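Reading through the structure tokens given below for one structure.
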Number of protein chains: 2
Amino acid sequence: MPTKTTKSKKQEIFEEAAKLFQEKGYSSSSMRDLAQKVNLKVSSLYSHIGGKEEILQKICFENANHFLEGITQVEILKLPPSEKIKQLIRLHIKIALEDPTSITVFNDEWRYLSEPYLSDFLKMRKDYEVRFGEIIQKGIDLGEFKKLDITVVLFTILTSVRWLHYWNPETHNLTVEDLEKNILAILMSGIHTD
Amino acid sequence: MPTKTTKSKKQEIFEEAAKLFQEKGYSSSSMRDLAQKVNLKVSSLYSHIGGKEEILQKICFENANHFLEGITQVEILKLPPSEKIKQLIRLHIKIALEDPTSITVFNDEWRYLSEPYLSDFLKMRKDYEVRFGEIIQKGIDLGEFKKLDITVVLFTILTSVRWLHYWNPETHNLTVEDLEKNILAILMSGIHTD
DNA sequence: GTCTATAACTTGATAGAC
DNA sequence: GTCTATCAAGTTATAGAC
């Protein structure tokens, strides 16, 4: 019999909180809701965590770090910009499908971070966007990409994959690979036939 | 001297509320915040509006109706599916740029609608998605569009324009026409050179 | 229509017994 | 670590004087 990894109460709290924030939104989720989900009284939560916002901070910065680590890995690859952009799109798809709950909270609830966390978060996001944009610029310079506005390309790509955390791979007869192929095809070559 | 249209207090309340909801989110916005913005005491607000949610309902259903009216207009046009999809993308751009505040609240805060409004809203959204998807299907059947997964194409298009309400036309040296051209080029033909 | 006053309730967090 | 009890502040909304 395989050893079952015991989930700590703290971990359980974080996981249930993420679900709760996803369902009701951060500011509509109460510590009472959360306590009930993990079978504790409200006051007992504070033996495990510092407070409500600590959970939001963990979710937001963990995901921000995933994206920044991902782009750092891509930048050092000896590949043409077009391949780097494809890798980044795959990164977004992977992160969205791997932990949809966490990524939903990251996407939609970061603005409820208090200072100085909010500013830190926005700096990380800006950093990511700048570095993503630089790869696009290089691709245009090398003639791989059409001469389009960098900002438009950047945000079109970044937001175009922001529905994937709603995607349930099990209810669609489309493998993750096919999903990836479709998205890359649209962004690289468009939906129109040649 | 041109006649200045007088803004009713009710209208002022709705406009300031939209801004407030955009800034702080619906559930973090209080009637006290709103009262202060329009120089009234909280209780006086209730002489003009029924309550907090009435404002959210107005914003959500007004925008939902804009989109549904738009797609109805497009459907009756005698144009190939590819042109209809382009029209719809232009519709999204137009709505996003015309009233960014309202569309932000529509995009991000609809889930705080209470029943039965929430269900009504979701039905309208589903209706829009189905009709949008049918045009894509037709385009594929006629050979105008590549044989891609309808759902992937649908949501990629719908979400890819969901950053436009942050776009400030004045701080970018790109006209709205060029913005439109860039977005249509990406979605129709992709970013990659041929 | 606007105000003061207040009802009725929910919020995040803490004190201190066990 | 968990509990009961409670606090201080915030919430939407209403009653009733002017």
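Numbers restart at 1 for each chain; the letters A, B, ... are given by sequence-line order, proteins then strands. The analysis underlying the following values was restricted to heavy atoms, covering all of them including side chains, and did not include hydrogens, waters or symmetry mates. Just so we're clear, the structure is a prediction, and the values are computed from it rather than from any experiment.
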Checklist entry - For nucleotides 13-18 of chain C, read 5' to 3', which letter fits each nucleotide if B means a protein heavy atom sits under 4.0 Å from the base, S means only the sugar-phosphate is that close, and - means neither? => result BBB---
Checklist entry - Which part of the nucleic acid does A:Leu45 contact within heavy-atom distance under 4.0 Å: base, sugar-phosphate only, or nothing? => result nothing
Checklist entry - In whole Å, what is the span from the NZ atom of A:Lys41 to the C1' atom of D:dT6? => result 15 Å
Checklist entry - Looking for any heavy atom pair under 4.0 Å, which part of the strands does B:Ser28 touch: base, sugar-phosphate only, or nothing? => result nothing
Checklist entry - Are a donor atom and an acceptor atom from the side chains of B:Ser102 and B:Glu62 found within less than 3.5 Å of each other? => result no
Checklist outcome for this item: Rounded to whole Å, NE2 of B:His48 lies from C1' of C:dG1 at a distance of 6 Å
Item to check | Inter-residue atom distance B:Ser27.OG - B:Tyr112.OH, 0.5 Å rounding | outcome: 4.0 Å
Checklist entry - Any Lys/Arg nitrogen of B:Lys7 or B:Glu15 sitting under 4.0 Å from an Asp/Glu carboxylate oxygen of the other? => result yes
Checklist entry - Please give, in whole Å, the distance from C:dT2 P to B:Lys10 NZ? => result 13 Å
Checklist entry - Over how many whole Å does the gap from B:Leu40 atom CG to D:dA13 atom P extend? => result 16 Å
Checklist entry - Can B:Glu134 and B:Arg131 be counted as an ion pair, charged N to O under 4.0 angstrom? => result no
Next on the checklist: Could you tell me how far apart A:Leu34 (CG) and C:dT10 (C1') are, to the nearest whole angstrom?
Outcome noted: 16 Å
Item to check | Nucleotide D:dT11, atom C1' - distance to CG of B:Leu20 in whole Å | outcome: 14 Å
Next on the checklist: Can you tell me how the ring of A:Phe67 sits relative to the ring of A:His92, calling it parallel under 30°, perpendicular over 60° and tilted otherwise?
Outcome noted: tilted
Next on the checklist: Please classify the nucleic acid contact of A:Ser30 as base, sugar-phosphate, or nothing, using heavy-atom distances under 4.0 Å.
Outcome noted: sugar-phosphate
Next on the checklist: Does A:Glu83 form a side chain to side chain donor-acceptor pair (under 3.5 Å) with A:Gln87? I'd like the steps, not just the answer.
Outcome noted: CA-CA 6 Å; A:Glu83 287 303 318; A:Gln87 290 281 1; 5.7 Å; no
